[in-house]
Amino acid sequence: MTPGNAVCAYGVVAKRKLPSRLARRGIRLVGHGSVAALVARVSAEPQRATRRALLDHAEIVEDAYSWTTILPLRFGSVFPDEAAVRELLLEPNADLFEQLLERHAGVAELTLKASYDQEALLAELVASGPGLGRLRERYRSQPTLENGIALGEKTAALLEARRDRDADRILRTIEPLALDLRVGDVGLEGGVVNLAVLVERSRVGEVEDWLEALSRDLSPPIRFRLVGPLPPYSFIDVPVAVAA
């Protein structure tokens, strides 16, 4: 890459006049036909995925999303110069980008994570039937390995059954509102679901209302975290021929 000419591409939009707020941040439009890439000058060195750098990238993408439909590019999509953006990104994919921009106009991604308050859930499981309570009392009075294993297995089975039931209810409830869904790993202990939900932007309020009602039904054991509206990060995989 030629020093001083390298650019980072943030996303693809329909070609139109760039808002002054993005221009003040050093963002430029590189156009080809009816589409354009949002780019900014960077050093030719590979970009380090620090938390600050990732947040800066996301801020620009989301600022552009408040202005127009954007097809987000992955962090670190760096090209030798603006000519390479046209040659390697825009020209080979122009028809695809036009289709994706039309398909994703007026949509938003919401990320939804649900997790258990472990203490509240265990208290509810103990109160719901005598089996787990008896095993806990037996282990407290006789803390043997055998009793500990029996308690652990029973607790794990009840937790798994409860998680499967609640996750299924959450999915069945949100599916009618979603244009598309991506199910991710729940990760941390106590996780129930980790979803990326594609919805019409006009229906974000409906999802929030649904979540509030469901939260009342499932509380106190389940806690929800909803983030968005966001650009459709999880639903677009833009092909990039060259990236650092």
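Values in this document were obtained by computation on a predicted structure and should not be read as measured data. Numbers here are sequence positions counted from 1.
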- request: Find the distance between CG (Leu195) and CD1 (Ile174) and round it off to the nearest 0.5 Å.
  value: 6.0 Å
statement: Minimal heavy-atom distance between Leu73 and Ala9, with the atoms involved, is CD1-CB, 3.4 Å
query: Would a distance-only check, ignoring hydrogens and angles, find a side-chain to backbone donor-acceptor pair under 3.5 Å from Thr173 to Arg169?
result: yes
statement: Minimal heavy-atom distance between Ala167 and Val193, with the atoms involved, is CB-CG1, 3.6 Å
Backbone N/O of Leu96 and side chain of Asn93: donor-acceptor pair under 3.5 Å: no
Centroid-centroid under 6.0 Å between His104 and Phe235 rings: no
Reported CD-to-OG distance for the pair Glu109 and Ser234, which is rounded to 0.5 angstrom: 3.5 Å
statement: Of all heavy-atom pairs linking Ala178 and Val197, the shortest is CB-CG1, 3.6 Å
task: To the nearest 0.5 Å, tell me how far Leu177 CG sits from Glu200 CD.
output: 10.0 Å
- prompt: Could you walk me through whether Arg223 and Asp117 pass the side chain to side chain contact (heavy atoms under 4.5 Å, CB included) check?
  reply: CA-CA 7 Å; Arg223 296 174 294 201; Asp117 178 326; 4.2 Å; yes
query: Within a reach of under 6.0 Å around CD of Glu175, are more than 12 heavy atoms found that belong to other residues, nucleotides or ligands?
result: yes
field: Verdict with supporting geometry, Ile27 and Ile60, side chain to side chain contact (heavy atoms under 4.5 Å, CB included)
entry: CA-CA 9 Å; Ile27 302 300; Ile60 290 172; 3.8 Å; yes
query: Is there a donor-acceptor pair closer than 3.5 Å between any side-chain N or O of Lys15 and the backbone N or O of Gly33?
result: yes
field: Donor-acceptor pair between Arg201 and Tyr65 side chains, under 3.5 angstrom
entry: yes
- request: Determine, step by step, whether Arg163 and Glu160 satisfy the salt bridge (charged side-chain N to carboxylate O under 4.0 Å, His left out) criterion, reporting the C-alpha distance in whole Å, the side-chain angles of both residues, the deciding distance to 0.1 Å, and the verdict.
  value: CA-CA 5 Å; Arg163 182 173 59 248; Glu160 183 177 1; 5.2 Å; no
- prompt: Sequence neighbours excluded, which residues qualify as side-chain hydrogen bond (donor to acceptor under 3.5 Å, both in side chains) partners of Arg182?
  reply: Asp180
- request: State the OH-CD1 distance between Tyr233 and Ile70, to the nearest 0.5 angstrom.
  value: 8.0 Å
Closest non-hydrogen atom pair between Ala37 and Leu89, with its separation: CB-CD2, 4.2 Å
message: If hydrophobic clusters are built by linking Ile, Leu, Val, Met, Phe, Trp and Tyr wherever their side-chain heavy atoms come under 4.5 Å apart, do Val61 and Leu22 end up in the same one?
response: yes
- prompt: Is NZ or CZ of Arg86 both nearer than 6.0 Å to the six-membered ring centre of Phe79 and within 45° of the ring axis?
  reply: no
- request: Quick one: do Ile170 and Leu112 satisfy side chain to side chain contact (heavy atoms under 4.5 Å, CB included)? Show the steps, please.
  value: CA-CA 10 Å; Ile170 292 168; Leu112 174 62; 4.3 Å; yes
side-chain contact (heavy atoms from CB on, under 4.5 Å), paired with Val13, selected from Leu71, Val35, Leu38, Leu18: Leu38
query: Say you draw a straight line from CD of Glu59 to CG of Leu55; how long is it, rounded to the nearest 0.5 Å?
result: 6.5 Å
Step-by-step side chain to side chain contact (heavy atoms under 4.5 Å, CB included) determination, Leu211 to Phe224: CA-CA 8 Å; Leu211 184 60; Phe224 290 100; 3.3 Å; yes
Heavy-atom closest pair, residues Tyr10 and Ala40: CE1-CB, 3.8 Å
From CA spacing to verdict: side chain to side chain donor-acceptor pair (under 3.5 Å), Arg21, Ser66: CA-CA 12 Å; Arg21 68 176 187 274; Ser66 69; 3.0 Å; yes
- line: CD1 of Ile236 to CZ of Phe97, rounded to nearest 0.5 Å, is 9.5 Å
